[in-house]
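Working notes, structure below.
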Amino acid sequence: MPELPEVETIVRGLRPYLEGAEMGTFRLLFPSLLRRAPGVSLAAFEGNKITTLRRRGKMILVECEGGRTLVFHLMMTGQMLIVRPEVPVDKHVRLIVPLVGRGLELRFRDIRKFGFLCCLGPSGPLFIPELEALGPEPLEIDFRSFACLFQGRRGRIKSLLLDQRTIAGIGNIYADEVLFRARIHPLTPAASLAEEKLRTLWKSMRAILRLAISRKGSSIRDYTDADGDPGDFQVLHKVYGREGEKCPRCKGAVRRIKVSGRSTFYCPHCQKKL
DNA sequence: GCCACTGTTAGCAT
DNA sequence: CATGCTAACAGTGG
């Protein structure tokens, strides 16, 4: 579930707990969490101090002294929790990282086991394709560059917004919300969008993501930030999950279709097909 | 119980 | 190469 706004919220919540903290002995409860593990040991991170927490797309980067970095991806159900050690460890906890001297630990919990962790740095790889292949950040890209993303592309606009190599961090919910705000039909061939429409799309993308971040993301299913705050952007979802409800703009009914195998909500009246 | 559905992505087919 | 489907997994709801 976590898309860019949720991951950004999680990172901001974790910062005060993690930056400057020394990591103790890792407990890896689900070894498959570790991706491309050969030659990489978590033990190399023990005793390292965390310097900086960053977000890239939907990934969380934990940068450590000594040039090592932990890259987490929450996929659909991953959670990063800061808890006291006496809090019971349930069966979905995949990794425990004690924070030395703080009476707390970081736990990676993930019901569906899709999430992963990559270790970068000395002795391990410096680059991983997951990170390198990522497209630009939606809140950093300028309009000119944004427009170029869709030139000569044959895909439908929603599919491309979801494609992390095209642009990073947008998932199913925000793709629908952005397209609704821009009044663009999700099946519109991306290359057919006129400059004016693309500018509207760019502005809508920025507005929706910024608003969602300010509301600490959307509380859906397993999501909460580090402090257990579920966020409240979901009440502002205009179309996502609202099949049959009235469009807030024209009062017509919100429709649901499949695009790239994903549930897609839109208003057929406001978002005309080209 | 069974089946359909779920917010992501890699990998394979086209 | 680019694009589209499906499986990977576990839980929930009809």
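By convention in this document, chain letters (A, B, ...) are assigned in the order of the sequence lines, proteins followed by strands, and residues within each chain are numbered from 1. All values below were derived from every heavy atom in this structure, side-chain atoms included, with hydrogens, water molecules and symmetry-related copies excluded.
- Across the protein-nucleic acid pair, A/Asn172 atom CG and B/dC5 atom C1' stand 13 Å apart, rounded to whole Å.
- Listed nucleotides C/dC9, C/dG11, B/dT8 differ in distance to A/Lys113; the shortest reach to its side chain belongs to C/dC9.
- Distances were taken from every side-chain heavy atom of A/Met76 (C-beta onward) to each of C/dT3, C/dA10, B/dT6; the shortest belongs to B/dT6.
- A/Arg156 has its CZ atom 11 Å from the P atom of C/dT3, to the nearest Å.
- Note that CE of A/Met76 is 10.5 Å distant from CG of A/Asp110, once rounded to the nearest 0.5 Å.
- Rounding to whole angstrom units, CD of residue A/Glu6 and P of B/dT6 are separated by 18 Å.
- As rounded to the nearest Å, C/dT12 and B/dT9 have C1' atoms that lie 22 Å from one another.
- For A/His92 and C/dC9, the shortest distance from a side-chain N or O to OP1 or OP2 is not below 4.0 Å.
- Remark: C1' of C/dC5 and CG of A/Leu162 are 14 Å apart, rounded to the nearest angstrom.
- Ring geometry for A/Tyr240 against A/His237 counts as perpendicular: the plane angle is over 60°, on a 0 to 90° scale with 30° as the lower cut.
- Side-chain nitrogen and oxygen atoms of A/Gln164 include none within less than 4.0 Å of the OP1 or OP2 phosphate oxygen of B/dT8.
- Side chain of A/Lys113 to main chain of A/Arg94: no donor-acceptor pair is present (N/O by atom type, distance under 3.5 Å, no hydrogens or angles).
- As rounded to whole Å, 17 Å separates atom P of C/dG11 from atom CE of A/Met75.
- Residue A/Glu3 has its side chain nearest to B/dT8 when only B/dT6, C/dG11, B/dT8 are considered.
- OP1 or OP2 of B/dT6 has at least one side-chain nitrogen or oxygen of A/Arg256 nearer than 4.0 Å.
- Using a 4.0 Å heavy-atom criterion, one finds that A/Gly261 contacts no nucleic acid atom at all.
- B/dC12 and C/dC9 are spaced 16 Å apart, taking the P atom of each and rounding to whole Å.
- Proximity of A/Lys258 to the phosphate of C/dG4: no side-chain N or O atom is located under 4.0 Å from OP1 or OP2.
- The CD-P distance, from A/Gln151 to C/dC1, rounds to 21 Å in whole Å.
- Spacing between atom CG of A/Asp110 and atom P of B/dT8 amounts to 13 Å, rounded to whole angstrom units.
- Closest to the side chain of A/Arg154, from the set B/dT9, B/dT6, C/dT3, is C/dT3.
- Listed nucleotides C/dG4, B/dT6, C/dT3 differ in distance to A/Ser159; the shortest reach to its side chain belongs to C/dG4.
- Taking CZ of A/Phe114 as the reference point, atom CG of A/Leu33 lies at 13.5 Å (rounded to 0.5 Å).
- Counting to the nearest Å, the P atom of C/dT3 and the CG atom of A/Leu149 are 12 Å from each other.
- With A/Tyr17 as the aromatic partner, A/Arg102 does not meet the cation-pi criteria of under 6.0 angstrom to the ring centre and within 45 degrees of the ring axis.
- Taking only side-chain atoms of A/Arg153, from C-beta outward, the nucleotide of C/dA10, C/dT3, B/dA10 with the closest atom is C/dT3.
- The partner of C/dT3 is B/dA13, judged by Watson-Crick or G-U wobble contacts that both fall below 3.5 Å.
- Ranking B/dA10, B/dC5, B/dT8 by closeness to the A/His73 side chain, first place goes to B/dT8.
- Note that CD1 of A/Ile184 is 5.0 Å distant from CG of A/Leu193, once rounded to the nearest 0.5 Å.
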